[in-house]
Chemist: 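Quick one: structure below, then a few questions.
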Amino acid sequence: MSSVRVRVAPSPTGDPHVGTAYMSLFCLAFARQQGGQFILRIEDTDQARYVENSEQQIFDLLHWLSLDWDEGPDRGGPVGPYRQSERLPLYQAAAHELIQAGHAYECWCTPERLTAMRAEQQKAKMPTGYDRLCLGKTREQRAAEPGSSDRAVVRMLVPESPPLTFTDLIRGDTNAPVPDDQVILKADGFPTYHLGVVVDDHHMGITHVTRGEEWISSTPKHLLLYDWLGWDPPRFAHFPLLRNTDRSKISKRKNPAARLVWFKEQGYLPEALLNFLALMGWSMPDGREIFTFQDVVENFAWERFSPVGPIFDVDKLDWLNGQYIQRLTDDEFLRRARPFLPGEGQDAALRRLTLPLKERTKRLAELGEQVDFLFVGNLDVPADQLVKQGLDAPAAIAALEAAESALERLAGFEPAPIEQALSDVCAERSMNRRKFFMTVRVAVTGKTATPPLHDTIAAIGRERSVARLRDAQSTLAQSSH
RNA sequence: CCCGCCAUCGUCUAGAGGCCCAGGACGCCGCCCUUUCAAGGCGGAGACCACCGGUUCGAAUCCGGUUGGCGGGACCA
């Protein structure tokens with residue numbers, strides 16, 4: 001039994017990327033379906049771009065999404081270490097082996113020379129690639145010519161006609177361009193992605209290499225490396241690239257949604273985000289659009305991927321998140337809403353409003369503004385806001401006063417009696433219902449859009465409601481002088 | 001410039017030769033419900049299936065070309 005082993009291998013170079021979650025989702029689903037393992041590997045071979053707490057953020061955010069790994073740097077495993085910076089001897093050994101076998105060679109060219117060489121090739125409208133100036137030379141021979149440094153890198157010696165086709169799980173038979181003599185070991189002794197990924201995927205027993213579409217063009221390099229090292233190549237699956245609205249590859253510069261934390265900050269539920277990501281380039285056999293991670297596990301199939309790079313449409317995610325919020329129990333809703341509220345307490349008040357609040361919330365981060373009137377005493381609603389609701393100042397004052405005394409007279413303070421009492425007041429004085437209720441709404445909440453007024457007043461409580469109705473009256477009285 | 005990947009409503013997609021003068025979802029518009037905003041219900045607009053040419057009795061689906069978009073062409077991943 002050859003157990004499926006898949007991995008996700010992010011680089012700790014800054015805020016975790018949404019693409020990491022996207023690929024982790026499907027890798028995990030595939031691993032779970034097959035009874036295999038999902039591995040997290042940290043590809044920290046770029047010392048220049050390394051960011052200190054990035055790795056921890058990757059852990060935290062993947063855990064937030066419940067995309068938990070079986071093996072990884074934090075929990076170990078049988079084929080560790082799971083951080084590339086801790087596996088340097090492995091890459092160096094592979095590089096030396098390749099040099100011995102004549103599949104790789106040392107190169108001393110300076111970055112400046114390489115840049116100039118590339119510029120010339122472009123100008124001459126030739127394909128760009130290393131010109132093999134260092135091939136077959138000793139360090140001394142090369143040093144005699146200009147543009148050399150004393151620290152060597154190791155390059156692949158790509159043959160005339162390397163194999164360029166492979167079978168991709170998502171795209172089927174796929175062609176890729178002829179590689180040039182790619183650097184595999186840098187001057188600082190760290191491997192480049194190409195060497196690192198092949199060596200680690202092999203030693204870690206990865207059976208299915210999954211990565212973004214941007215890697216299709218370097219797959220022939222990897223095939224060559226597997227061949228030279230005498231290793232069986234894995235299967236490959238290149239996921240479609242998530243895109244910005246302008247169809248370019250999704251980027252933090254152009255799109256806040258490229259940063260995984262953004263979703264947490266905005267108050268998207270992790271299960272909603274997962275569901276949405278599963279809708280990108282993939283679909284359920286029965287066309288369902290709302291489904292769980294377990295549903296993905298049960299229905300996962302590489303053939304259900306579309307190779308087209310989907311644009312990340314936040315509008316649809318908002319809708320989906322709203323659907324998930326509506327389905328939350330009151331307790332669950334309150335628990336998740338807590339971090340987004342403008343203050344502590346008010347639990348009883350919030351509990352009265354959970355149903356209408358759930359129906360009105362797309363992102364939990366919006367909640368703060370929706371319920372701010374619960375977290376303050378006085379409101380200080382400006383007179384023009386009150387008058388704007390259709391009643392002139394004298395009429396508004398009369399209406400608010402009537403509402404005030406009706407609420408004070410009430411035996412209890414429950415939504416239904418409140419509604420009845422206000423409705424009676426409105427009828428007795430034959431006021432326009434819309435104008436009356438809107439004026440009261442603004443006086444008591446400071447806004448024109450709120451949950452149902454009777455629920456809201458009950459939540460605010462008699463004392464504060466009455467005080468606010470009274471405050472509004474005096475504001476109006478002062479303004480009309 | 002060189003190489004490669006891709007191509008169905010604004011967006012996400014279903015579709016693997018006749019069931020499609022193309023279905024669903026988001027968004028948009030209208031109506032209903034309604035004291036606001038939502039939610040919900042109902043209805044609507046929206047795709048010459050990028051284009052051209054084949055194959056076939058028959059093509060969104062197969063083949064070729066064109067165009068367009070994107071990706072790669074780093075001692076970055």
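Below, chains carry the letters A, B, ... as their sequence lines are ordered, and counting in each starts from 1.
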Chemist: Kindly write out the residues that satisfy salt bridge (Lys or Arg N to Asp or Glu O under 4.0 Å) with A/D318, not counting sequence neighbours, or none if the list is empty.
Modeler: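 A/D318 satisfies salt bridge (Lys or Arg N to Asp or Glu O under 4.0 Å) with A/R363 only.
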Chemist: Quick one: salt bridge (Lys or Arg N to Asp or Glu O under 4.0 Å) partners of A/D46, sequence neighbours excluded?
Modeler: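 A/D46: salt bridge (Lys or Arg N to Asp or Glu O under 4.0 Å) contacts with A/R49.
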Chemist: Going by the salt bridge (charged side-chain N to carboxylate O under 4.0 Å, His left out) test, which pairs reach into residues 120-133 of chain A, not counting sequence neighbours?
Modeler: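 As it turns out, the salt bridge (charged side-chain N to carboxylate O under 4.0 Å, His left out) pairs with a partner in residues 120-133 of chain A, which skip direct neighbours, are A/R113-A/D131, A/R132-A/D181.
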Chemist: Restricting to side chain to side chain donor-acceptor pair (under 3.5 Å), what partner residues turn up for A/E55, sequence neighbours left out?
Modeler: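 Listed in chain order: A/R83.
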Chemist: By a strict heavy-atom criterion of less than 4.0 Å, which residues belonging to residues 283-290 of chain A are in contact with RNA chain B?
Modeler: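 RNA chain B contact set from residues 283-290 of chain A: A/S283, A/E289.
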Chemist: List the residues meeting side chain to side chain contact (heavy atoms under 4.5 Å, CB included) with A/D384, not counting sequence neighbours, and say none if there are none.
Modeler: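 Applying side chain to side chain contact (heavy atoms under 4.5 Å, CB included) to A/D384 gives A/P382.
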Chemist: If a protein heavy atom is under 4.0 Å from the base, mark B; if only from the sugar-phosphate, S; if neither, -; do that for nucleotides 35-41 of chain B going 5' to 3'.
Modeler: BBBBSS-
Chemist: Rounding to an integer number of Å, can you tell me how far A/L164 CG sits from B/G72 C1'?
Modeler: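 Atom CG in A/L164 sits about 14 Å away from atom C1' in B/G72.
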Chemist: Using side chain to side chain donor-acceptor pair (under 3.5 Å) as the criterion, list what pairs up with A/H17, not counting sequence neighbours.
Modeler: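 Residues passing side chain to side chain donor-acceptor pair (under 3.5 Å) with A/H17: none at all.
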Chemist: If a protein heavy atom is under 4.0 Å from the base, mark B; if only from the sugar-phosphate, S; if neither, -; do that for nucleotides 62-70 of chain B going 5' to 3'.
Modeler: -------SS
Chemist: Of the residues in residues 45-54 of chain A, which ones touch RNA chain B at a heavy-atom distance under 4.0 Å?
Modeler: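 Per residue number, the list reads A/T45, A/D46, A/R49.
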Chemist: Just grab all the salt bridge (charged side-chain N to carboxylate O under 4.0 Å, His left out) pairs involving residues 145-163 of chain A, residues at least two apart or on different chains.
Modeler: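 Every salt bridge (charged side-chain N to carboxylate O under 4.0 Å, His left out) pair that includes a residue of residues 145-163 of chain A, provided the two are not neighbours, is A/K137-A/E145.
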Chemist: Please list all pairs meeting salt bridge (charged side-chain N to carboxylate O under 4.0 Å, His left out) that have one or both residues in residues 266-281 of chain A, counting only residues at least two apart or in different chains.
Modeler: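 Counting only pairs at least two positions apart or across chains, the salt bridge (charged side-chain N to carboxylate O under 4.0 Å, His left out) contacts touching residues 266-281 of chain A are A/E271-A/R336.
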Chemist: Need one value for A/V308: base, sugar-phosphate or nothing, where a base atom within 4.0 Å counts as base even if backbone is also close, heavy atoms only.
Modeler: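 Contact class for A/V308: sugar-phosphate only.
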Chemist: Given the C1' atoms of B/A7 and B/C21, what is the spacing between them in whole Å?
Modeler: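 Nearest-Å result for B/A7 against B/C21 at atom C1': 22 Å.
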